[in-house]
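Just so you know, these numbers use all the heavy atoms, side chains as well, and skip hydrogens, waters and symmetry mates. Each chain gets a letter, A, B and so on, in the order its sequence line appears, and its residues count up from 1.
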Number of protein chains: 2
Amino acid sequence: MAKPALLQTLDRALRVLAVFDWEHPEWGVTELAHHLQMPKSVVQKTLATFAHHGFVYQEPVRRRYRLGPRLLSLAQVAQPELARVAHRYMANLAEATKETVKLTVVDGNQTVIAHAVESPQSLRMTGRVGERNDFHRGASNKVLAAYMKWEAVLDALQAHLPADHPVLLEPDRLRRELEAIASQGYAESHGEVEEGVTAVSVPVRGPLGEVEASLSIVGPSVRVTEGGCRRWLELLQQARALLERELGLKEEAFVRKGG
Amino acid sequence: MAKPALLQTLDRALRVLAVFDWEHPEWGVTELAHHLQMPKSVVQKTLATFAHHGFVYQEPVRRRYRLGPRLLSLAQVAQPELARVAHRYMANLAEATKETVKLTVVDGNQTVIAHAVESPQSLRMTGRVGERNDFHRGASNKVLAAYMKWEAVLDALQAHLPADHPVLLEPDRLRRELEAIASQGYAESHGEVEEGVTAVSVPVRGPLGEVEASLSIVGPSVRVTEGGCRRWLELLQQARALLERELGLKEEAFVRKGG
DNA sequence: CCTTGTTGTTTCCATATTAGAAACAATGTA
DNA sequence: TACATTGTTTCTAATATGGAAACAACAAGG
């Protein structure tokens with residue numbers, strides 16, 4: 001990773017923002033400074049600036065900081081193109097299978113659910129847009145990993161998994177699995193992330209040929225027969241072909257005339 | 001507004017991020033620099049740093065920038081405490097009325113939908129979390145404005161409305177309207193934001209007594225009778241009371257013991 | 001195959017801005 | 001009253017940044 005000359009102030013500020021996660025949604029200045037090993041005053045000024053823009057706000061009573069509503073607005077604009085184009089196909093898939101359909105992309109060392117259309121049934125898998133996962137398990141995540149360089153996958157896992165995690169202790173097992181996925185062009189998962197959940201996932205390629213996302217159908221294992229799984233795969237392949245064609249044409253139009 | 005000593009680098013960076021909106025979701029460096037009257041190199045370094053953290057990404061083909069998937073993850077955490085607590089009551093309201101229920105908060109010069117539970121009916125109002133609106137129209141927005149200082153409302157509107165907008169030409173009309181809302185404790189709107197849409201909204205107060213959000217029911221006017229509107233208001237007032245009690249107790253517990 | 005007009009990216013240096021320690025203020029606690 | 005906690009502000013050396021201008025990578029069109 002060559003450093004492309006980052007701005008230190010901003011870089012630190014984004015590291016500050018990154019510590020607000022699901023397990024730790026609120027922070028005090030001192031606590032946060034200690035956690036990141038930064039001077040208190042720097043953290044304080046950073047948070048004050050974020051607060052001025054609505055990215056964080058300070059609870060009036062406890063004076064602790066939380067992420068602010070501005071992020072909700074920004075998230076609406078984030079990643080629309082791919083998700084917008086894919087939505088129609090995803091809705092069709094959800095309609096045809098009555099199961100939840102997810103579109104997943106890579107972000108740094110993890111994957112992120114970029115878009116989801118939930119199953120109409122009561123017993124359904126939730127598709128939480130923005131949810132992050134690691135590369136080593138789950139059909140949608142393994143598909144993405146299968147088309148990355150192996151070293152990148154390993155680095156990413158090492159950054160998020162404990163050092164004594166089974167996958168890291170015998171990485172070759174995962175590596176062979178990913179190679180198999182890459183060569184067959186899809187992945188299945190049976191209860192890997194959550195018990196009783198089955199998923200099938202295929203890669204989606206952009207106009208330059210790289211995998212930009214994975215498209216997945218996910219549902220309760222009790223509803224999925226052997227043949228059902230094959231049908232999901234067929235439907236996914238069809239949808240993938242149509243989606244890639246639309247993405248390709250779109251890009252081509254851009255390249256030709258520039259908008 | 002006294003300036004609380006902001007970090008210039010971060011302040012500018014957040015202004016850069018803010019220009020990515022629904023109408024203009026992608027930017028080139030030069031274009032963006034010109035728009036904000038900043039040096040190209042500054043914008044470029046800012047975007048590169050954002051990109052390194054997944055806040056933006058660069059289209060491979062056109063090399064233009066868009067908001068990235070990291071924002072989706074952050075938005076998940078940004079759902080404030082308030083939205084989490086309110087969800088149950090909102091779901092109950094949606095169940096009872098079969099209409100869409102929204103929770104709206106103030107962010108800077110506008111309002112933001114912080115949480116929504118959509119109507120189960122086919123013809124329904126969408127509740128887009130993250131959607132921004134101005135203070136001068138719509139029940140949920142006017143309720144929030146009614147409990148702000150009038151000058152702040154006016155400033156906010158001037159920042160977002162054209163100078164020759166009707167509301168700004170005769171502000172006293174809006175002012176009296178907001179005063180009426182504040183004294184009666186709720187707002188109704190009939191087709192103010194969108195034709196054929198009726199909404200009723202009440203304020204939600206935090207433990208310190210300030211209005212933290214507005215809670216609204218919104219649906220197609222064709223389904224709402226005069227009496228139906230009153231029923232909405234009653235249900236909202238009930239839900240508001242329960243919600244405020246839970247918020248108050250929660251804060252109190254924090255204050256007492258700090259955990 | 002050169003121009004010319006675009007991009008995004010990098011270099012460079014004076015200097016304005018920030019990093020960081022330490023003092024400060026505002027709380028709640030013994 | 002003293003004591004520990006907070007979050008906030010001050011201050012200065014030093015460095016990271018701002019900004020102009022050069023650079024590189026493309027297209028378009030002569």
Side-chain angles (χ1 to χ4, degrees), chain A residues 1-16 19-20 24 26-52 55-66 68 207-208 251-259, chain B residues 1-16 19-20 24 26-52 55-66 68 207-208 251-259:
Chain A
M1 278 197 225
K3 295 236 166 176
L6 306 180
L7 295 180
Q8 190 193 67
T9 307
L10 180 53
D11 185 61
R12 288 179 147 197
L14 297 183
R15 293 218 307 274
V16 166
V19 303
F20 290 83
H24 219 144
E26 73 172 36
W27 291 84
V29 174
T30 308
E31 178 187 13
L32 180 41
H34 186 74
H35 180 76
L36 289 177
Q37 312 232 54
M38 290 183 192
K40 263 201 323 187
S41 59
V42 171
V43 172
Q44 142 66 20
K45 279 179 271 196
T46 300
L47 287 172
T49 309
F50 273 133
H52 187 252
F55 281 68
V56 305
Y57 71 95
Q58 198 173 18
E59 281 189 27
V61 182
R62 313 177 63 204
R63 319 201 92 186
R64 312 192 69 185
Y65 287 90
R66 297 179 148 270
L208 296 177
E251 280 304 337
E252 199 178 342
F254 278 146
V255 172
R256 280 192 198 286
K257 193 49 198 134
Chain B
M1 276 195 223
K3 296 235 167 178
L6 306 179
L7 294 181
Q8 189 191 66
T9 308
L10 180 54
D11 185 61
R12 287 180 148 196
L14 297 183
R15 294 218 308 273
V16 166
V19 304
F20 291 83
H24 220 143
E26 71 173 35
W27 291 83
V29 174
T30 308
E31 178 187 11
L32 180 42
H34 186 74
H35 180 76
L36 289 177
Q37 312 232 55
M38 291 183 191
K40 266 201 319 188
S41 59
V42 171
V43 172
Q44 142 67 21
K45 279 180 272 196
T46 300
L47 287 172
T49 309
F50 272 133
H52 187 252
F55 281 69
V56 306
Y57 71 96
Q58 199 173 17
E59 283 190 23
V61 182
R62 313 178 64 203
R63 319 207 90 187
R64 313 193 70 193
Y65 286 90
R66 297 179 149 271
L208 296 179
E251 279 305 337
E252 199 179 342
F254 277 145
V255 172
R256 279 191 199 287
K257 191 53 197 132

Whole-Å distance separating the [atom1] atom of [X] from the [atom2] atom of [N]:
X	N	atom1	atom2	result
A:Leu10	D:dT17	CG	C1'	12 Å
B:Arg63	D:dA27	CZ	C1'	14 Å
A:Trp27	D:dG7	CH2	P	12 Å
A:Leu47	D:dT6	CG	P	15 Å
A:Arg62	C:dA26	CZ	C1'	17 Å
A:Gln37	C:dA19	CD	C1'	16 Å
B:Gln44	D:dA21	CD	P	19 Å
B:Leu6	D:dT9	CG	C1'	14 Å

Next item on the list: For B:Leu36 and B:Val19, run side chain to side chain contact (heavy atoms under 4.5 Å, CB included): C-alpha distance rounded to whole Å, both residues' side-chain angles, the deciding distance at 0.1 Å, then the answer.
Entry: CA-CA 9 Å; B:Leu36 289 177; B:Val19 304; 3.8 Å; yes
Among the nucleotides [options], which one has an atom lying closest to any side-chain atom of [X]?
X	options	answer
A:Pro39	D:dG7, C:dG20, C:dT9	C:dG20
A:Lys40	C:dT9, C:dA23, C:dG20	C:dA23
A:Gln58	C:dT18, C:dG8, D:dG7	D:dG7

Next item on the list: Could you tell me whether the side chain of A:Lys45 has a donor or acceptor atom within less than 3.5 Å of a complementary atom in the base of C:dG20?
Entry: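 Such a pair exists between side chain and base.
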Note to self: Is it the case that C:dA21 (base atoms only) and A:Ser41 (side chain only) share a donor and an acceptor within less than 3.5 Å, ignoring hydrogens and angles?
What the structure shows: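 Flag set: donor-acceptor pair detected.
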Notebook entry, point to check: Taking all atoms of both residues into account, what is the closest heavy-atom pair of B:Lys40 and B:Val29, and its distance?
Noted result: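 In this case the closest contact between B:Lys40 and B:Val29 is O-CG1, 3.8 Å.
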Check: Do you know which two heavy atoms are closest between A:Leu7 and B:Thr49, and how far apart they sit?
Finding: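 It is N-OG1, 3.0 Å.
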Under 4.0 angstrom between [X] side-chain N/O and [N] OP1 or OP2:
X	N	answer
B:Thr30	C:dT6	no
B:Arg12	D:dG19	yes
B:Tyr65	C:dT7	no

Checklist line | Side-chain heavy atoms of B:Val16 within contact of B:Met38, under 4.5 Å | finding: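 Yes, their side chains come closer than 4.5 Å.
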Checklist line | Beyond-backbone contact of B:Tyr65 with B:Glu31, side-chain heavy atoms, under 4.5 angstrom | finding: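 A side-chain contact is absent here, since even the closest heavy-atom pair is not under 4.5 Å.
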Margin query: What contact category does B:Thr9 fall into here, base, sugar-phosphate, or nothing, at under 4.0 angstrom with non-hydrogen atoms?
Written below: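 Answer is sugar-phosphate: B:Thr9 comes under 4.0 Å of backbone atoms only.
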Note to self: Heavy atoms only, 4.0 Å cut-off, all strands: where does A:Arg64 land among base, sugar-phosphate and nothing?
What the structure shows: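 Nothing: the residue A:Arg64, judged by heavy atoms under 4.0 Å, touches no strand.
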Margin query: Judged by each residue's nearest nucleotide on DNA chain D, which is more toward the 5′ side, B:Gln8 or A:Gly28?
Written below: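 On the 5' side of the pair lies A:Gly28.
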